[in-house]
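Before any comments, here is the structure.
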Amino acid sequence: MTGLATAERDALARTWGTPRGIAGFFTTVDHKRIGLRFIGTALCFLALGGALALMMRTQLARPDNHLLSPQLYNQFFTTHGTTMMFLFAVPVMMGLGIYLVPLMIGTRNVVFPRLVAYAYWVYLFGGIFLYSGLLLGNGPPAGWFSYTPLSETPFDPTKGSDIWAQMITFTEIAMLGVAVTLIITILKQRAPGMSLNRMPLFVWSILVTSFMVVFAMTTIAVASTLFLAADRLINTRFFVQQSGGDPVLWQHLFWMFGHPEVYIIFLPATGIISHLVATFSRRPVFGYTAIVFSTIATGIISFGVWVHHMFAVGMPELGLSFFTASSLIVTIPTAIQLFCWIATLWSGRPQWRVPLLFILGFFFILVRGGLTGVMLASVPVDLQLHDTFFVVGHLHDVLIGGAVFPLLGGLIYWYPKFSGRMASETAGKWAFALIFIGQNLTFFPMHILGLHGMPRRTYTYLASTGWGGLNFLETIGAYILAAGVLVTVANLILSAFYGRSAGNDPWAADTLEWATTSPPPPGNFAALPVVESRDPLWDPGGSEERPIVVGLPPDRREVLFTSALDAIPVRRIPLPGPTIWTFFCAVGTAIGLVMLIFTPWGLVVGTALAIPPLIIWAWPKAGGSA
Amino acid sequence: MIRSHPKSVDASQLPGEGFGVASPTWWGTLGFMVIEGSTLAVCAVAYVYLSRRSPSWPPSGTPLPNLAVGTLFIGASLLSLIPAWLLGQAAKNLDRAAVILWSIVGLVVEAVIVAIRAYELHALPFRWDGTAYGSAVWITLGSHTTLLAFDFGETLVLLALFLWGPIQKKHFADVADAVMYWFFVSLVWVPFFYMIYVSPRLFR
Amino acid sequence: MQSPAAAAHSVLTPASPHAVAIAHLARLFFSLGALVWLAVLAFLAWSLLRSRGLNQPTEDTHVVRRQTGAVGAALALTTILLLALGFVDYRTGRGIEKAHARVLSADTVRVQLIGHQWWWEIRYQQATWPFQVTTANELHIPLGRPVVLTLESRDVIHSFWAPNLHGKSDLVPGYSSQFLVQADTPGVYAAPCAEFCGTQHAKMMLLVVAQPPDSFAAWYANESRDAPAPRSDSTDRGRQVFLAAACPFCHTIRGTGSGGTVAPDLTHIAGRRMLGAGAAFNTRTELGGWIENPQGMKPGNRMPANLVRGSDLPALLAYLATLK
C-alpha cells in the first residue's frame with residue numbers, strides 16, 4: 001500500500017490492535033478475530049453434528065439394528081438437527097459476515113465491536129450447554145422442532161427439553177446482537193461513494209439476512225423461552241389443550257421462525273455464489289439489480305410460506321391453497337438469481353479452480369432440492385411425502401447443496417485473506433469429489449425411500465419392508481461425505497502452516513477486501529478507500545490512483561459514518577477498544593440462563609452477574625471514547 | 001491511493017457524534033425497540049390465536065382484569081412522558097444540570113410506574129398457571145415489565161454518569177436515546193392495554 | 001402364520017382413487033422437475049464450455065441484450081411452468097375434495113381412530129347392529145366403500161398415513177378431525193405413525209386390511225362377539241393366569257370381566273397379523289417373547305416385564321391362541 005508512511009501504519013496497528021497473548025484472547029474487539037472465531041466454532045459444531053449423523057446412519061444401515069437404543073437415537077437426531085440449524089449454519093454465515101462486511105464496505109470495524117465479542121461467548125456457552133446435556137444423558141429428545149405436547153413436562157419429564165429451549169435463548173441473544181450490529185454497520189459505515197447500488201452482493205445478502213434474523217429469531221425466542229420454557233417451569237398453559245391452550249400454536253410460531261430460518265441460511269450462500277461466480281468468470285455478475293431485488297423478495301416472501309410445514313394438521317383447504325401459491329412463488333426470485341449466474345458464466349472466462357467446482361456442485365444439488373421443494377408445495381403430494389425420508393432428502397439437498405457447498409467454496413476462496421496462505425488446490429479437489437459423491441449417494445436414495453413409505457425420525461425399520469438396501473447405500477454415502485469434510489478440515493488447518501504464500505489479491509477479484517494485505521492489518525486498511533463504482537478493483541488505473549479518506553487521526557479508534565443511501569461522509573464516530581467485561585457479562589448471562597431451567601431465581605442471579613459487567617463495558621473512559 | 005486524487009475525502013473537518021441518525025446508540029436503541037416490539041407482537045399473536053380457539057374469552061369462570069388499575073397504569077405511563085420530554089429537551093440543549101434534574105424526576109416517576117405495575121400484577125384476579133388466558137396475560141405483562149425495568153436501569157446508570165462521570169457531547173445523545181426508549185415503552189403498551197383491558201369488555 | 005408378506009407401503013402402488021390421483025400428480029411434478037433439472041444443468045454446461053471469454057467488464061450492449069433476453073425467457077418459462085403446476089395441483093385437490101363430498105351416505109363406515117403412545121385404538125361406530133366394535137392396531141375396511149375416520153389423540157400428536165390409500169392426517173390432542181379413506185384393491189396396507197411421538201414412534205404401525213364386503217361383514221360380526229369360553233383345562237388355566245396377573249389393569253378381553261382401557265383390546269388377538277403395533281409378526285414364539293420381555297422388543301413402551309411366571313406362560317399362550 002503506497003502513499004502511507006511506516007510511522008502512520010505502525011500507529012494504526014497500535015490503535016486498532018489487540019493486546020498480545022491470553023489477555024488479547026479474552027478482550028479483543030477485532031471483527032476479523034471474532035468473525036474467525038464464529039466460523040471456527042461453527043465448523044466444530046458441524047463436526048459434532050456430523051458425528052451424530054454418522055451414528056444415526058450406522059444404526060439405520062441394517063433393519064432391526066441395535067447399535068443405538070430408541071432413546072439415544074431420538075436424542076441424537078434432535079441434537080443433530082438443533083446443532084446444524086442453530087449452532088452451525090446461522091453462526092457460520094453471520095461469522096463470515098462479521099469478518100467480511102467491514103472489509104467489503106471499506107471501514108475499520110463493526111459499529112458495536114464489544115457487542116459481537118459478547119455475542120460470540122454467549123453462542124459458545126449455549127453450544128457447550130446443549131452438549132453437556134447430551135453427554136449427561138439429558139439430551140433433548142423431542143426433535144429439533146420440539147413439537148408440543150411431546151416436549152411438555154408430562155411427556156418429557158427430563159431436563160432435555162428445558163436445555164433445548166434455553167439453548168435457543170443463548171443463540172437468539174448472540175445472533176440478534178450480531179444482526180443488529182451488521183445492519184447498522186452496513187447502513188452507516190460504507191466507504192464514501194459506495195451508494196447502495198454499488199454495494200457488494202454478499203453485503204446485500206447479509207443485510208437482508210440480518211433483518212430476517214431480527215424478526216424470525218425473536219419469534220422463536222418468545223415461543224421457546226417465554227412460552228414453552230414457562231409451560232415446563234412455571235406451569236403456564238400455552239400449549240396445554242385441557243386448559244385452553246393449543247399444541248398447534250407452537251407449530252405456527254415455530255414455523256414462522258423455521259421457514260425464514262432456512263432462508264437465513266441460504267441467502268448469505270447466494271451472496272457467496274455471486275462473488276465466486278464473478279471472480280471465477282472474471283466479470284461482474286450479470287443482473288446486479290435483479291439479484292438485489294430477488295434477495296429482498298425472497299427474504300420477504302419467506303415469511304409467508306410457513307404453513308407448508310403444517311399441511312397435515314387439519315386446517316381448512318382454502319387456507320392451505322394460499323400457502324401452496326406462496327411456496328411456489330418463493331422459488332421465482334431464486335430462479336432469477338440462478339439464471340443471472342449462468343448468464344455471467346456464459347459471458348465470462350471460467351477459471352477452473354476449486355471454488356468453481358463447488359459452484360457446479362451447488363447447481364447440481366440445490367436445483368434438485370428446489371424442485372423437490374416444488375413437489376412438496378402441492379398439498380396432496382405433500383400429504384403423502386411429509387414426514388418421510390423424501391423430506392429428509394429434500395432438506396439436505398437444499399441445505400448442503402444450497403448452503404454448505406457455497407460455504408466451502410467461499411472458505412477456500414477467502415482462505416488467503418484469512419491466513420495469508422493459499423489452501424491446497426489438490427486437497428480441495430479431493431474434498432469436493434468426496435463431498436459431492438457422498439452427498440448424492442446419501443441423500444438421493446432418500447427420495448425413493450420416502451415414496452416407498454419410510455417415515456422419518458424412526459430408529460429402526462422391519463426387514464420385511466425391503467428398505468435395507470438403500471439404507472445401507474446411504475450409510476456408505478454418509479461415510480464418504482464425512483471423509484470429504486475431514487479432508488476439508490485438514491486442508492484448512494494444514495494450509496495455515498504449509499500453504500503457498502498469498503498476496504493481497506491472489507484471485508484478481510473486484511471487491512475491497514482484496515485491496516488490503518492478506519491477512520489485513522488490525523485497522524483493515526492503511527487508508528480507507530473511496531469508491532467510484534461497483535467493482536473498484538476492476539476500474540482502470542492502478543492502486544496508486546485510487547481516492548482515499550484522509551484526516552482521520554491514526555491514534556484514536558475512529559471511523560466514518562456515511563449517509564445510508566448514497567454514502568456521503570457525515571460524521572466521525574469513535575469506536576470502543578478491547579475489554580474483558582464482555583467476557584464476564586457473557587459468563588454472568590450463561591450462569592443466569594442455566595440456573596433458570598432449575599429455578600426462577602436464575603433471573604435474579606443472572607441479572608446480578610451480567611448487568612454490572614455490562615455497565616462497566618459501556619461506561620466511558622475518561623477523556624477518550626467510550 | 002493518493003491524497004491528491006480529486007475524489008479523496010478529507011474527514012478532518014467532519015463533526016463527531018451527533019443526535020439521532022448521527023449516533024450509533026440511537027441506531028442500537030432503535031434495533032432494540034424493533035426486537036422488543038416484535039416480542040410483544042408475538043405475545044399478542046398468541047393471545048389473539050388462543051382467544052379464537054376458546055368459546056368465550058376470558059374463559060368462563062375467569063374474571064376480567066381490574067380496569068381501574070390498568071387505566072391507572074396507562075395513565076401514569078402517558079403522564080410520565082412529560083418529564084421524559086423535558087429530559088429530552090435538556091439533553092438536546094446540552095444542559096448538564098437540567099439533565100440531572102429531570103433524570104432524578106424521571107427516576108422517581110419511573111419508580112412509581114414500576115410500583116403501579118407491581119400492583120397491577122398483584123391485582124390480576126387469576127394466576128398464570130390456571131388457563132391459557134391467564135398465561136397469555138401474565139407473560140405479556142411480564143415481558144413489558146422487563147422493558148420497564150430496563151428503562152429504569154438505563155435512567156439510573158445515565159444519572160450516575162452525569163453526576164460522577166466524564167461527560168462528553170455523546171452522552172447527551174445517549175440521554176436523548178434513553179428518552180426515545182422511554183417513549184417507546186410507554187406508547188407500545190397502549191394497544192396492549194386495549195387488548196387486555198378494554199376489548200374483552202367490549203366484545204364479551 | 002408363517003413369514004407373512006410385508007404389508008404394502010408405497011405411494012406409487014395406489015389402491016384407492018385418491019392415492020391414484022396423488023400418484024399421478026406426484027409423477028407429473030417429478031417428471032417435469034427432472035426435465036427442468038436437466039435443462040438447467042445443460043445450460044450451465046453449455047455456458048461453461050462455450051463461454052464468451054470476456055475478461056473485464058466491457059459492457060458490450062449486444063451481449064447484454066442477449067443475456068437479458070435469455071434470462072427473461074427462462075424466467076417466463078419458469079413462471080408459466082409454476083402456474084401450470086399450480087393449476088394442475090389445484091384441480092387434483094378439488095377433485096379429491098369433490099369425491100369426498102359425494103360419498104358420505106348411510107353406506108359410510110364410521111370408525112373412531114384414537115392415537116396413543118404407541119398403539120392405535122379402533123372403535124367402529126355403526127348406525128346398524130352391531131353398533132360398536134372395539135379393537136386395536138388392525139383396521140379392517142370393506143372394499144369400495146367410503147370409510148370416515150374420526151381422528152383423535154389421547155396424548156401427543158400422531159399421524160395416520162396409509163400411503164397406498166391417501167395422504168396423511170394428524171391426530172392432535174384436543175382436536176377431532178374427519179378423514180375419508182376408501183380402498184378399491186384388496187390387500188394389507190401399512191400405516192406407520194407419521195408424526196414423531198416419542199420413544200417408540202418407529203414401532204407404531206397400524207395395518208389397514210381391505211377386504212371384500214362379505215369377508216368384512218364376517219370379520220366384523222366375529223369382532224363384535226365376546227371372547228370364546230375356554231374349552232380345555234390348559235386354556236382355562238390360561239384364562240386364570242390372565243386374570244390373576246396385572247394384565248386386566250390395562251387390557252380388556254371381553255367376556256372375562258377384565259376392563260382395562262389404556263392398552264389394546266385383546267378379545268380377538270389371535271386373529272391379528274402383528275404384535276405391538278407392528279413391532280413383530282404374531283407367532284406363538286413372538287407373543288411369548290413379548291409377554292416375557294416387552295422391553296426387549298419395543299424398549300421404552302408402557303408394558304412392564306415379568307408379569308407372568310415362566311411356568312404359566314405356555315397356558316396363557318394356549319388361551320390367547322383361542323382368541324380368534
Side-chain angles (χ1 to χ4, degrees), chain A residues 69-71 74 143 147 149-150 155 241 246-248 282-284 286-287 312-314 317 321 324-325 328 331-332 335-336 338-340 342-343 345-350 363-364 367-368 371-372 374-375 378-381 383-384 386-387 451-453 455 457-460 464-466 535 538, chain C residues 6 9-12 22 25-26 29-30 33 36-37 40-41 43-44 47-48 51-57 63 67 70-71 74-75 78-79 82 85-86 89-90 92-93 96-97 155-157 159 163 167-170 172-175 177 190 192 194-202 299-300:
Chain A
S69 70
Q71 291 91 340
N74 294 346
Y147 272 9
L150 186 62
F155 302 103
Q241 58 96 4
D246 188 356
V248 178
R282 300 187 59 67
R283 59 149 293 133
F286 172 80
V313 159
E317 187 75 30
S321 307
T324 296
L328 291 174
T331 61
I332 295 178
I336 293 176
L338 292 170
F339 301 145
C340 288
I342 296 178
L345 289 166
W346 172 74
S347 64
R349 206 170 65 190
F363 271 94
F364 191 94
V367 174
R368 179 177 71 209
L371 291 164
T372 54
V374 167
M375 284 180 72
S378 150
V379 172
V381 175
L383 289 181
Q384 283 281 34
H386 167 66
D387 255 312
L451 284 163
H452 284 174
R457 300 166 183 149
T458 49
Y459 75 99
T460 189
S464 54
T465 55
D535 312 291
W538 283 353
Chain C
H9 51 70
S10 170
V11 174
L12 299 175
I22 299 174
L25 190 63
F29 269 71
F30 188 85
V36 168
W37 180 68
V40 170
L41 291 182
F43 275 114
L44 179 63
S47 299
L48 286 167
S51 64
R52 309 268 318 192
L54 294 179
N55 195 0
Q56 293 305 320
V63 168
Q67 287 174 307
V71 170
L75 178 60
T78 306
T79 312
L82 286 173
L85 285 173
D89 172 59
Y90 175 74
T92 308
I96 293 176
E97 253 182 77
D155 39 43
V156 299
I157 302 178
S159 193
K168 55 186 64 74
S169 190
D170 288 353
V172 183
Y175 287 72
S177 61
E195 181 59 62
F196 181 63
C197 56
T199 310
Q200 278 299 346
H201 165 67

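Just so it is clear, the values below take in all heavy atoms, side chains as well, and ignore hydrogens, waters and symmetry mates. Each chain gets a letter, A, B and so on, in the order the sequences are listed, and its residues count up from 1.
With sequence neighbours left out, A/Asp387 forms a salt bridge (charged side-chain N to carboxylate O under 4.0 Å, His left out) with A/Arg457. For A/Phe286, there are no ring-ring contact (aromatic ring centres under 6.0 Å, His included) partners, not counting sequence neighbours.
With rounding to the nearest 0.5 Å, the separation of CG in C/Asp89 from CE in A/Met375 is 11.0 Å. Here the straight-line distance linking atom CD1 of C/Ile157 with atom CG of A/Leu150 works out to 8.5 Å at 0.5 Å rounding. Here C/Leu41 contributes atom CG and A/Ile342 contributes atom CD1; the two are 8.0 Å apart, rounded to the nearest 0.5 Å. Rounded to the nearest 0.5 angstrom, A/Leu345 CG and C/Leu44 CG are separated by 6.5 Å. For the atom pair CG (C/Leu48) and CZ (A/Phe363), the distance works out to 8.5 Å, reported to the nearest 0.5 Å.
For a residue to count as touching a neighbouring chain, one of its non-hydrogen atoms must lie under 4.5 Å from one of that chain's; by this rule C/Pro192 touches chain A with the side chain only. Of the atoms belonging to C/Leu75, heavy atoms from both backbone and side chain fall under 4.5 Å from chain A. Interface remark: A/Val374 contributes backbone and side-chain atoms alike to the contact with chain C (heavy atom separation under 4.5 Å). Residue contact with chain A, scored on non-hydrogen atoms closer than 4.5 Å, involves the side chain of C/Tyr175 exclusively. When heavy atoms are compared at a cutoff of 4.5 Å, C/Val71 approaches chain A by way of both its backbone and its side chain. Proximity to chain C is absent for every atom of A/Thr372, based on heavy atoms less than 4.5 angstrom apart. Residue C/Ala74 touches chain A through both its backbone and its side chain, counting heavy-atom pairs closer than 4.5 Å. For a residue to count as touching a neighbouring chain, one of its non-hydrogen atoms must lie under 4.5 Å from one of that chain's; by this rule C/Thr199 touches chain A with backbone and side chain alike.
Proximity of A/Ser378 to C/Leu85: side-chain heavy atoms (C-beta onward) are nowhere separated by under 4.5 Å. Annotation: side chain of A/Leu383 is not in contact with side chain of C/Ser169 (no heavy-atom distance under 4.5 Å). Looking at A/Tyr459 and C/Gln200, their side chains come closer than 4.5 Å, going by heavy atoms from C-beta outward. Side-chain atoms of A/Leu338 and C/Val40, non-hydrogen and from C-beta on, never get closer than 4.5 Å to each other.
Using a distance-only test at 3.5 Å, with no hydrogens or angles considered, a donor-acceptor pair links the side chain of C/Lys168 to the main chain of A/His386.
Across all their heavy atoms, A/Pro149 and C/Asp155 have their closest contact at CG-O, 3.6 Å. Nearest heavy-atom pair across C/Gly86 and A/Leu328 is CA-CD1, 3.8 Å. Between A/Gln241 and C/Gly174, the shortest heavy-atom distance links the atoms OE1-CA, 3.2 Å. Considering every non-hydrogen atom in both A/Phe364 and C/Trp37, the closest pair reads O-NE1, 2.7 Å. Shortest non-hydrogen contact noted between C/Gln67 and A/Trp346 is CG-CZ3, 3.6 Å. Between A/Gln384 and C/Ile22, the closest heavy-atom pair is CG-CG2, 3.6 Å.
Chain C forms the most heavy-atom pairs under 4.5 Å with one residue out of A/Leu451, A/Thr458, A/Val381, and that residue is A/Leu451. Chain A forms the most heavy-atom pairs under 4.5 Å with one residue out of C/Ala194, C/Ser177, C/Gly300, C/Ala190, and that residue is C/Ala194. Between chain A and the options C/Phe43, C/Tyr90, C/Phe29, heavy-atom pairs under 4.5 Å are most frequent for C/Phe29. The greatest number of non-hydrogen atom pairs below 4.5 Å with chain C, out of A/Ala325, A/Pro455, A/Pro380, is found for A/Pro380. Top candidate by heavy-atom pairs under 4.5 Å with chain A, chosen from C/Gly93, C/Ser159, C/Gly198, is C/Gly198.
Annotation: C/Phe30, atom CZ; neighbour count of heavy atoms from other residues, nucleotides and ligands within 6.0 Å does not exceed 12.
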